S.K.: 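Structure incoming, see below.
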Protein chains: 2
Amino acid sequence: MSSNQITIKDIARILGISASTVSRALKNHPDISEATKKAVNELAKKLNYEPNAVALSLKHSRSNTIGVIIPEIVHYFFSSVISGIEDVAYDAGFTVIICQSNERYDREVANVKALLSHRVDGVLVAISKETHQYDHIFAIQDRNVPMVFFDRVIPEIETDHVIIDDQKASYEATKHLIDGGRKRIAHFAGPKNLSIGIERRVGYEQALKDANLPVIPELIIEADSFEKAIKATNKLLDMENPPDGIFAVNDLTAIGAMQTLQKRGIKIPKQIAVVGFSDGRFSGITDPTLTSVDQHGYEMGSVATKMLLRRLLNPNYDAPAQSHVLDANLIVRGSSI
Amino acid sequence: MSSNQITIKDIARILGISASTVSRALKNHPDISEATKKAVNELAKKLNYEPNAVALSLKHSRSNTIGVIIPEIVHYFFSSVISGIEDVAYDAGFTVIICQSNERYDREVANVKALLSHRVDGVLVAISKETHQYDHIFAIQDRNVPMVFFDRVIPEIETDHVIIDDQKASYEATKHLIDGGRKRIAHFAGPKNLSIGIERRVGYEQALKDANLPVIPELIIEADSFEKAIKATNKLLDMENPPDGIFAVNDLTAIGAMQTLQKRGIKIPKQIAVVGFSDGRFSGITDPTLTSVDQHGYEMGSVATKMLLRRLLNPNYDAPAQSHVLDANLIVRGSSI
DNA sequence: GTGAAAGCGCTAACAA
DNA sequence: TTGTTAGCGCTTTCAC
């Protein structure tokens, strides 16, 4: 398994010149004679010479590498984010190292360690749900490694971040139902200890208030899984005065609602309209198709990476931490109109 | 932005000893006195010293890094594979660099270049659909960098690989329909130029033959998108003698079929049973839930990585290329029983 | 126009 | 028990 990697030395030896000359010839240094350049470049090509990025990293104390810490790659949203990160990083000549925390604190700490050890030039982090202690994050800052948070933010930590305006998106979604004439809109809410749970609920309530509609506690049910949504929908339908619209905290619960409604003979959207919050690609394949908020994962990844590159590429750029808030817009489909 | 990374030299300087002593103390070398070890380790801890993986890579000509080239991370199957890769690699102390080809040949070539430049110790590749020329792959072999193919295989290239037994899985799926008493089973087929298209169709046909059922050309329709599935289903229903079962090449088309059937008042599975081939996580949230083949993406990633590690960790292991075929098993749900 | 030498951080053979 | 030195591949200053 002896490695066959060609080095500058190999080229130098073959051509009977020095390594430094080869190095210069390869970067088209003006001092080098055309003849030498030609010989070097031809041989390099012939031997499939590829500069050793590891040596370059060590030499320049810059690895041209970005580290990413993400909770779970298998979520459609997060994999879209990664796609956005990869594309932008790639265009800027950076390599991306992705680590999954699997929503675990200990794993996240290990990830940080690995990335720092690899001397990544910057990191993009979506903090795990389990993380409530931040020494490992401070370690990144201590080393002056630029960092951008995305999607999940820790208020105590001052660093660039890009998030979605969940509250506004929920407001829009609810308003869309109101504009469609709905007066009793239920909400399947997320957990109260998660910011998305809170933000989406606040947006919902605000839209009701702004339209002079009452916020009815019985119509707000904590339900963030498919099964819970089915139960919650049945509960709503069993009420004396059922809702005429449902705004669900995510698509999965919206789909649970739709199926239950249909099973009980309710017409969507005629009798009850349904709006979800996109976390998959289910919305296009339900029947009717599901009106939902598009979270723009790809854009989030690309924006976050650009924010990071801005600091990486201009070492004297030292503006204070920026907050970039993405608009998440409503995609209106069949379930609500 | 001056980097604050602590080095062995820093520790040596502070303690007034040599760098090599520090190095040895950190790895608990028996020659070093307890006192020195203690001092070094305490200071290292205090300063948050993290070994420079870049320097180690250069020194050892081993980067402890695995490169992955994958078509598109946003597919659930591929992101599951990555999860499997990450977990196994992580446990073995390896870092993973993921590159997306986006199903493009030029991008894949660039990915290989980047990974070779980073001197990854081994690579895991699922070749892009667009790739029909293999110089970049040969370049990997030329450098004696161990490589494992997963999911997509190039017969001409001899290297370890792990694939799914598509044919067998399709056979099982079709047989399951036959066992349920279905006699006219339609097939939504994938493109004829893709191995999954061919394999799945062959498995379907073989199951029919083994059960002495005729292979009816009109019941085999090329349909690998949601929209095509809807059209195809309508076409089937308009036949004089419609099918009593549908085996679809993927879940998306199976769902298209189900919706069309339901729209036209057909009961699933009573009148027509439907089976899909899993490429998402739709199967649990349809109504009825969808019987489908589980592709075991996570397992594929973990097996592929283990095959790679076997070569990386035992340099004298040089068995010929192995082929690992995973069983993809049928998950029976409501759409077929 | 080209070469020699030093150094990025770390390790290991060799000295002391 | 510890230090010195050389070297992994590359770049860059300084010499010639």
Side-chain angles (χ1 to χ4, degrees), chain A residues 2-41 43-44 47-65 93 116-121 143 145, chain B residues 2-41 43-44 47-65 93 116-121 143 145:
Chain A
S2 82
S3 184
N4 285 341
Q5 312 275 27
I6 305 296
T7 73
I8 268 186
K9 270 187 176 171
D10 295 322
I11 298 180
R13 191 172 21 77
I14 294 171
L15 294 178
I17 57 181
S18 78
S20 31
T21 302
V22 174
S23 170
R24 281 185 279 237
L26 287 170
K27 10 188 44 92
N28 204 20
H29 192 291
D31 277 359
I32 304 297
S33 74
E34 284 306 323
T36 309
K37 275 185 197 167
K38 187 154 173 275
V40 168
N41 282 301
L43 185 57
L47 298 178
N48 257 312
Y49 168 77
E50 207 60 72
N52 184 327
V54 175
L56 289 172
S57 295
L58 187 59
K59 179 75 191 163
H60 293 134
S61 309
R62 274 208 308 109
S63 58
N64 264 274
T65 300
L116 288 179
S117 176
H118 277 266
R119 299 298 192 265
V120 294
D121 297 332
R143 281 154 209 237
V145 175
Chain B
S2 82
S3 185
N4 285 342
Q5 311 276 28
I6 306 295
T7 72
I8 269 187
K9 271 190 176 170
D10 295 323
I11 296 179
R13 190 172 19 76
I14 294 172
L15 294 178
I17 57 180
S18 78
S20 37
T21 303
V22 174
S23 171
R24 285 183 277 234
L26 288 171
K27 9 184 47 90
N28 203 21
H29 193 292
D31 278 358
I32 304 295
S33 76
E34 285 307 322
T36 309
K37 276 185 196 168
K38 188 154 173 274
V40 167
N41 283 300
L43 185 58
L47 297 179
N48 257 311
Y49 168 77
E50 208 60 71
N52 185 327
V54 175
L56 288 172
S57 296
L58 187 59
K59 176 76 188 164
H60 294 135
S61 308
R62 274 211 308 111
S63 58
N64 263 272
T65 299
L116 287 180
S117 176
H118 276 268
R119 299 297 191 265
V120 294
D121 297 332
R143 282 154 208 238
V145 175

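Only a predicted model underlies this, so the values are computations on that prediction, with no experimental measurement involved. Reminder, nothing fancy here: chain letters follow the sequence lines and each chain counts from 1.
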S.K.: If you check the S18(B) side chain, which of dT1(D), dT4(D), dT11(C) turns out closest?
M.R.: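 Among dT1(D), dT4(D), dT11(C), the one nearest the side chain of S18(B) is dT4(D).
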S.K.: Using whole Å, report how far NE2 of H29(B) lies from P of dA12(C).
M.R.: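 Checked: the NE2 to P distance equals 8 Å.
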S.K.: From CG of L15(A) over to C1' of dG1(C), roughly how many Å is that when rounded to an integer?
M.R.: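 About 15 Å, once rounded to whole Å.
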S.K.: Under the salt bridge (charged side-chain N to carboxylate O under 4.0 Å, His left out) rule, collect the residues that match up with K37(B), sequence neighbours excluded.
M.R.: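 Partners of K37(B) under the salt bridge (charged side-chain N to carboxylate O under 4.0 Å, His left out) test: E34(B).
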S.K.: Nearest nucleotide by nearest heavy atom, which residue falls closer to the 5' end of DNA chain D, A19(A) or I17(B)?
M.R.: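 Its nearest nucleotide lies further toward 5', so the answer is I17(B).
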S.K.: Where do N or O atoms of nucleotides 13-16 of chain C meet protein N or O atoms at under 3.5 Å, pair by pair?
M.R.:
{"from": "dA13(C)", "atom 1": "N6", "to": "R24(B)", "atom 2": "NH1", "distance (Å)": "3.2"}

S.K.: Working note: L47(B) + L43(B), criterion side-chain contact (heavy atoms from CB on, under 4.5 Å); need CA distance, chi angles, decisive distance, verdict.
M.R.: CA-CA 6 Å; L47(B) 297 179; L43(B) 185 58; 3.8 Å; yes
S.K.: Under 3.5 Å, side chain of S117(B) to main-chain N/O of P51(A), donor-acceptor pair present?
M.R.: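 It does hold such a pair.
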S.K.: Does the pair T36(A) and T21(A) meet the rule for a side-chain contact (heavy atoms from CB on, under 4.5 Å), with working shown?
M.R.: CA-CA 8 Å; T36(A) 309; T21(A) 302; 3.8 Å; yes
S.K.: So, does H118(B) use its side chain to make a donor-acceptor pair with the main chain of V120(B) at under 3.5 Å?
M.R.: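 No; zero donor-acceptor contacts below 3.5 Å.
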S.K.: For S20(B), check side-chain hydrogen bond (donor to acceptor under 3.5 Å, both in side chains) against everything at least two apart and list the hits.
M.R.: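 side-chain hydrogen bond (donor to acceptor under 3.5 Å, both in side chains) list for S20(B), sorted by chain: S18(B).
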S.K.: Any side-chain to backbone donor/acceptor pair from S63(A) onto R119(A)? Under 3.5 Å, distance only.
M.R.: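 Yes; judged by distance alone, with no hydrogens or angles, the pair exists.
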S.K.: Enumerate all atom pairs, one protein N or O and one N or O from nucleotides 6-9 of chain C, separated by less than 3.5 Å.
M.R.:
{"from": "dG7(C)", "atom 1": "N2", "to": "K59(A)", "atom 2": "NZ", "distance (Å)": "2.5"}
{"from": "dG7(C)", "atom 1": "N3", "to": "K59(A)", "atom 2": "NZ", "distance (Å)": "3.3"}
{"from": "dC8(C)", "atom 1": "OP2", "to": "K9(B)", "atom 2": "NZ", "distance (Å)": "2.9"}
{"from": "dC8(C)", "atom 1": "O2", "to": "K59(A)", "atom 2": "N", "distance (Å)": "3.4"}
{"from": "dG9(C)", "atom 1": "N2", "to": "A55(B)", "atom 2": "O", "distance (Å)": "3.4"}

S.K.: Would you check if the side chain of D121(B) reaches a backbone N or O of R62(B) as a donor-acceptor pair within less than 3.5 Å?
M.R.: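 Judged by distance alone, no pair lies under 3.5 Å.
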S.K.: Bend angle of the helix from dG1(C)-dC16(D) to dA16(C)-dT1(D) from five-pair axes at both ends, rounded to 10°?
M.R.: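 That helix gives 60° between its end axes.
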S.K.: Any pair with a residue in residues 9-29 of chain A that passes salt bridge (Lys or Arg N to Asp or Glu O under 4.0 Å), sequence neighbours left out, goes on the list, sorted by first then second residue, please.
M.R.: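 As it turns out, the salt bridge (Lys or Arg N to Asp or Glu O under 4.0 Å) pairs with a partner in residues 9-29 of chain A, which skip direct neighbours, are D10(A)-R13(A).
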S.K.: Measure the distance from CG on N64(A) to P on dT11(D) and round it to the nearest whole Å.
M.R.: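 Roughly 13 Å, once rounded to whole Å.
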S.K.: Out of I8(A), I14(A), I17(A), which one pairs with V40(A) under the side chain to side chain contact (heavy atoms under 4.5 Å, CB included) rule?
M.R.: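 In the set I8(A), I14(A), I17(A), the residue that makes a side chain to side chain contact (heavy atoms under 4.5 Å, CB included) with V40(A) is I17(A).
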S.K.: Report which part of the nucleic acid S57(A) touches: base, sugar-phosphate, or nothing (heavy-atom distance under 4.0 Å, all strands).
M.R.: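 Nothing, no heavy atom under 4.0 Å.
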S.K.: Within this structure, what is the CZ-to-P distance between R13(A) and dT2(C), rounded to whole angstrom?
M.R.: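 Result: 19 Å.
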S.K.: Would you say that E50(B) contacts Q5(B) through its side chain, given a criterion of any heavy-atom pair below 4.5 Å between the two side chains?
M.R.: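 Contact flag for E50(B)/Q5(B) side chains = no.
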S.K.: Check the distance between dC10(C)'s C1' and D10(B)'s CG and give it to me in whole angstrom.
M.R.: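 Roughly 13 Å, once rounded to whole Å.
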S.K.: From CZ of R62(B) over to P of dC10(C), roughly how many Å is that when rounded to an integer?
M.R.: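 Whole-Å distance recorded here is 17 Å.
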S.K.: Once you round it to whole Å, what is the distance between P of dT12(D) and CG of L26(A)?
M.R.: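 Taking CG of L26(A) and P of dT12(D), I get 13 Å after rounding.
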S.K.: Applying side-chain contact (heavy atoms from CB on, under 4.5 Å) to Y49(B) and L26(B), what does each step give before you reach the verdict?
M.R.: CA-CA 10 Å; Y49(B) 168 77; L26(B) 288 171; 3.6 Å; yes
S.K.: CG of D31(A) versus C1' of dA15(D): gap in Å, rounded?
M.R.: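 In whole Å, dA15(D) C1' lies 13 Å from D31(A) CG.
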S.K.: Is S33(B) close enough to dT2(D) that one of its side-chain N or O atoms is under 4.0 Å from OP1 or OP2 there?
M.R.: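 Yes, because at least one side-chain N or O of S33(B) sits under 4.0 Å from OP1 or OP2 of dT2(D).
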